[in-house]
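For reference, the structure discussed in these notes is given below.
These numbers come from a predicted model, not from an experiment. Indexing begins at 1, ligand by ligand and atom by atom, following the structure's order.
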Amino acid sequence: MLAAAKSLGIDRIGVTSAEPFPELRERLVLHRALGYESGFEEPDLDKRTQPSLLFEAPRSIVAIAVAYPSKLKNPPVSEPGARRGILSRSAWGEDYHRVLARRLERLAEWLAERAPELRWLSMVDTGALSDRAVAERAGIGWSGKNCMIMNDELGSWMYLGEMITNLPLPPDAPLLDQCGDCTICIDACPTGALVGPGQLNAQKCISYLTQSKGLLDEDAMVKMGNRLYGCDTCQIVCPINRGIDSRHQAETLPDPEVAKPLLRPLLQMGNREFKETYGASSASWRGRKPIQRNALIGLGNFRDEASAGDVARVLREDPRFELRATAAWALGRIRGDVASAALAEAAEADADERVRAAASRALAALSEPAPKRGRRAGE
Ligand code: B12
C-alpha cells in the first residue's frame with residue numbers, strides 16, 4: 001500500500017487500529033468545559049472517539065495526507081488604491097474535501113482489487129472522527145504545539161483524511177514529537193489563542209473569527225489585518241515548515257487572483273459571482289458574508305482613502321447590518337471627508353441601532369488625532 005500511495009496521488013499513508021480514542025475523549029471533554037470549541041466540530045463525543053459507532057465491525061483506519069503549497073509564485077502586489085486580502089493556504093487550490101475524497105475513492109478501488117471483501121467509510125474534515133488524532137496514531141505526523149499534524153518532509157502543509165475499513169491491516173507506529181522546547185508558534189499567535197502546547201481556544205483563533213458571521217470586536221478586527229479566510233501565522237513561523245513548499249499536486253496550486261484578491265470588488269459581489277469566483281475553494285463554505293465583512297476590515301486596516309467611496313456605499317446601501325456596522329468601523333479608520341459624511345448620516349439615520357452605535361463610535365474616533373499610517377498586517 002505504501003508503494004502504491006504515490007501513484008494514487010497520496011503523499012503519506014499510515015494505518016491505525018479501529019480501537020477507541022480514550023485520551024482524545026478526555027481532552028475533548030476538557031476542551032468543551034473550558035469553552036474552547038469552535039462549534040464546527042461534531043458534537044457527539046462518543047461518535048468522535050469510537051469508530052465502531054460509525055461503522056459496523058471496523059478493523060482498521062487508513063489515514064492519508066495530501067500536501068499543498070505554502071508559497072504564492074508571482075503574487076499580485078497590494079498597493080494604495082488596489083489593496084488585496086489573503087486566503088489561507090489550505091483554501092488556495094481546489095476545495096480539499098473534493099481532492100481528498102477522490103484520493104480515498106482511488107485508494108478504495110486499489111484495496112478492493114486486492115481484497116474484494118472490502119467495506120469502507122471515508123471522511124475528510126466534516127466526518128465525526130478527529131482527523132488529527134487518527135493521523136497522529138497512524139504515524140502520518142506528530143501533533144505540534146500549534147495543534148498541527150506535521151512531519152519532516154511536508155511540514156504541516158498537508159490535508160488529512162481517513163478511511164475506516166473492515167480489513168485487519170497492520171498498524172504503523174506514531175512518529176516522535178520533534179517540537180522540543182520550541183514555543184515560537186505559541187508566542188506568535190496574534191490573539192493568544194494557543195493557550196498552551198497543543199491546546200487552542202478556537203473562539204480566539206483568527207482562523208475561526210474569519211469564518212464567523214457576526215460582528216467582531218475592535219481588537220479582533222485590528223488583529224485580523226487583511227486576512228479574508230483562515231490564518232496561517234502559527235504555521236508560517238514554525239521552523240519545521242521552513243523551506244517546505246510542495247507544488248506537485250496540481251489541484252492544490254493557487255490562482256493568485258483568488259488567493260490574494262483585490263478587496264474593493266469583493267464589496268459589491270453578488271451571490272452568483274461569488275460562487276463563480278470562490279465556489280471551487282474551501283473558503284466558500286460559509287458563503288460570501290464573512291468574506292465581504294473581512295474585506296471591509298482589511299480596507300479599514302489599510303486605512304486606504306481611495307476605498308472610502310466603496311466602503312461608504314456599503315454603509316449606505318447594504319441590507320446586512322453586520323456589513324454596515326463593519327463598514328462604519330472601517331470608515332472611522334480610513335477618515336477623510338467621504339468617511340465623515342457617510343458616518344454622520346448613518347449615526348443619525350440608519351434603521352439599525354447597532355449600526356448607529358458603530359457609526360457614532362467611529363465619528364468619535366475621527367475627532368482624535370490620526371494614528372501613524374503604515375500598519376500593514378499581511379502575510
Ligand atoms: Co481546522 N483543520 N484548521 N479548524 N479543523 C482540521 C483540524 C484539519 C484536520 C482538516 C483536514 O485537513 N482534514 C486540518 C489540519 C491539518 C493538519 O493538522 N496538518 C485543519 C486546518 C488545515 C486548519 C487551519 C490550518 C486552517 C487555516 O486557517 N489556515 C487552522 C489551524 C488552527 C490550529 O489548530 N492551529 C484551522 C482552524 C480551525 C478552527 C476553525 C479554529 C477550528 C478549531 C481548530 C482546533 O481545534 N485546533 C477547526 C476545526 C474545528 C477543525 C476540525 C473540523 C475539527 C478539529 C477538532 O476537533 N478540534 C478538523 C477536521 C476534523 O478533525 N474532523 C479540521 C478539537 C481539538 C481538541 O481536536 O485538533 O482534532 P483536534 O485534536 C488534536 C490536537 O489538538 C491534540 O490532540 C488531538 C489529536 O492530535 N490536542 C491536545 C487536543 N487537546 C490537547 C491538549 C493537550 C494538552 C495536548 C498536548 C494536545
State the CG-CD distance between L209 and Q211, to the nearest 0.5 angstrom. 9.5 Å

With a 4.0 Å heavy-atom cut-off, what residues sit around ligand 1? L24, R27, L28, H31, S38, F40, E41, R48, S88, S90, Y96, D125, G127, L129, S130, D131, R132, A133, E136, S143, N146, C147, M148, I149, S156, M158, Y159, L160, P197, G198, L200, A202, C205, S207, Y208, Q211, G230, C231, D232, C234, Q235

Is the closest side-chain heavy-atom distance between R59 and L167 below 4.5 Å? no

Under the 3.5 angstrom rule, does the side chain of Q249 hit a backbone N or O of E251 as a donor-acceptor pair? no

Atom NZ of K275: over 12 foreign heavy atoms under 6.0 Å: no

Could you work out, with ring-ring contact (aromatic ring centres under 6.0 Å, His included) as the rule, every residue matching F40, not counting sequence neighbours? Y208, W285

Is the NZ or CZ atom of R83 both under 6.0 Å from the centre of the six-membered ring of F302 and within 45° of that ring's axis? yes

